[in-house]
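Down below is the structure, laid out as structure tokens.
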Amino acid sequence: MDLTNQKIVIIGGSSGIGLATAKAIVAAGGNVVIASRSEAKLNAAKAEIGERVTTFSLDITNEEEVQKLFSSVGSFDGLVITISVEAMGAFVELDSQVARQIFENKFWGHYYAAKYGAAQLKPSGAIIFFSGYASQKPVPNLSIMASVNGALEALARSLAVELSPIRVNVVSPGLVATPLYEGMPTEQRQNYFNYVADSLPVKRIAQPEDIAETVLYLINNKFTTGAVIDVDGGARLV
Ligand SMILES: NC(=O)c1ccc[n+]([C@@H]2O[C@H](COP(=O)([O-])OP(=O)(O)OC[C@H]3O[C@@H](n4cnc5c(N)ncnc54)[C@H](OP(=O)(O)O)[C@@H]3O)[C@@H](O)[C@H]2O)c1
């Protein structure tokens with residue numbers, strides 16, 4: 001794949017799937033703008049990516065900061081949003097404010113990014129949202145994640161029609177070994193990863209590079225739009 005002269009904006013590009021995607025785009029000859037909140041994470045990611053990378057510090061929940069990002073970027077070819085949020089808990093016990101914050105970050109973050117990014121995207125360009133397998137497979141304690149991911153999938157289908165010819169798609173991963181799990185004690189995390197790997201049809205969990213491949217496919221393929229691509233090792237089936 002040749003992404004020479006393409007400019008891709010990745011909000012959430014300083015870690016995990018977003019960082020792996022940034023590296024894959026640069027390896028294919030493209031340029032990336034990575035955005036996230038922490039300057040320290042952005043600088044570390046920039047050093048890892050090495051070339052053809054610029055950084056932008058923002059909180060995606062701040063509508064004005066999102067507008068400023070796209071004013072500074074100018075015309076571009078692809079928008080990828082990989083910001084992460086996490087909330088687990090029994091439906092009747094989960095604090096409603098925590099649940100609201102999930103929508104504030106993940107739903108409204110994607111919404112603002114698509115809204116202001118679309119104005120600068122080339123007509124041949126692509127928007128890629130991130131949901132997660134809980135939107136399709138009911139799992140106890142994940143109802144709020146299921147809801148926000150389902151809302152994003154519905155928004156993407158709608159935008160695929162309304163923002164046409166810009167393509168709008170969603171990547172839906174299962175468990176991916178990223179810094180999202182760094183808060184777990186090492187042994188507990190490894191046991192969890194092993195347990196999930198055993199349960200999956202593919203018998204392993206994903207690495208961020210597995211998911212980045214799908215993002216590159218969606219940037220490159222000019223005939224896919226309004227789709228949710230499940231890259232979950234079969235998690236939604238078992
Ligand atoms: N990893 C999994 O197992 C898994 C499973 C299913 C779905 N997913 C989805 O895949 C996507 C990527 O996940 P990941 O595991 O790669 O996450 P990650 O490693 O935690 O990276 C998340 C990135 O988002 C940035 N970010 C978080 N909140 C932000 C905000 N309010 N404004 C701007 N940037 C923000 C973080 O940087 P800063 O801290 O600097 O802001 C970081 O660069 C997410 O949508 C996640 O829900 C992941």
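Order of listing sets the numbers, starting from 1, for every ligand and every atom in it. Only a predicted model underlies this, so the values are computations on that prediction, with no experimental measurement involved.
Of all protein heavy atoms, the one lying nearest to atom 42 (C) of ligand 1 is S15 CB, 3.6 Å. For atom 41 (O) of ligand 1, the nearest protein heavy atom (residue, atom name, distance) is R37 NE, 2.7 Å. Of all protein heavy atoms, the one closest to atom 39 (O) of ligand 1 is K41 NZ, 2.7 Å. Of the protein's non-hydrogen atoms, the one nearest atom 33 (C) of ligand 1 is L58 O, 3.5 Å. Of the protein's heavy atoms, T82 O, 3.2 Å lies nearest to atom 12 (C) of ligand 1. Looking at atom 46 (C) of ligand 1, its nearest protein heavy atom turns out to be K106 NZ, 4.0 Å. In terms of protein heavy-atom proximity, atom 22 (C) of ligand 1 is nearest to S84 OG, 3.3 Å. With respect to atom 35 (C) of ligand 1, the closest heavy atom belonging to the protein is I83 CG2, 3.5 Å.
In this structure, D230 contributes its side chain and R236 its backbone to no donor-acceptor pair below 3.5 Å. Listed for the D59 side chain is no donor-acceptor partner under 3.5 Å among the backbone atoms of R37. Of the possible polar contacts, one joining the R167 side chain to the N221 backbone as a donor-acceptor pair under 3.5 Å is found.
Contact analysis leaves Y133 out of contact with ligand 1, as no non-hydrogen atom separation drops below 4.0 angstrom. Close to ligand 1: G174, with a non-hydrogen atom less than 4.0 angstrom away. Distances from ligand 1 to the non-hydrogen atoms of M145 include no value under 4.0 Å.
Closest to atom 9 (C) of ligand 1 by heavy atom, among A35, G132, S131, is S131. With A212, A20, P173 as candidates, the residue nearest to atom 6 (C) of ligand 1 on a non-hydrogen basis is P173.
Backbone and side-chain nitrogen or oxygen atoms of I60 are examined, and one is located within less than 3.5 angstrom of a nitrogen or oxygen of ligand 1. Remark: ligand 1 and D59 share an N or O pair separated by less than 3.5 Å (distance only, no angle test).
Within ligand 1, the atoms closer than 4.0 Å to a non-hydrogen atom of G16 are 16 (O), 19 (O), numbered from 1 in the order shown.
When side chains are defined from C-beta on, F130 counts as touching V80, because their heavy atoms get closer than 4.5 Å.
With a 4.0 Å cut-off on non-hydrogen atoms, T178 touches ligand 1 through its side chain and not its backbone. Residue contacts with ligand 1, taken as heavy atom pairs separated by less than 4.0 Å, do not involve V85 at all.
A donor-acceptor pair shorter than 3.5 Å cannot be found between the side chains of E153 and N149.
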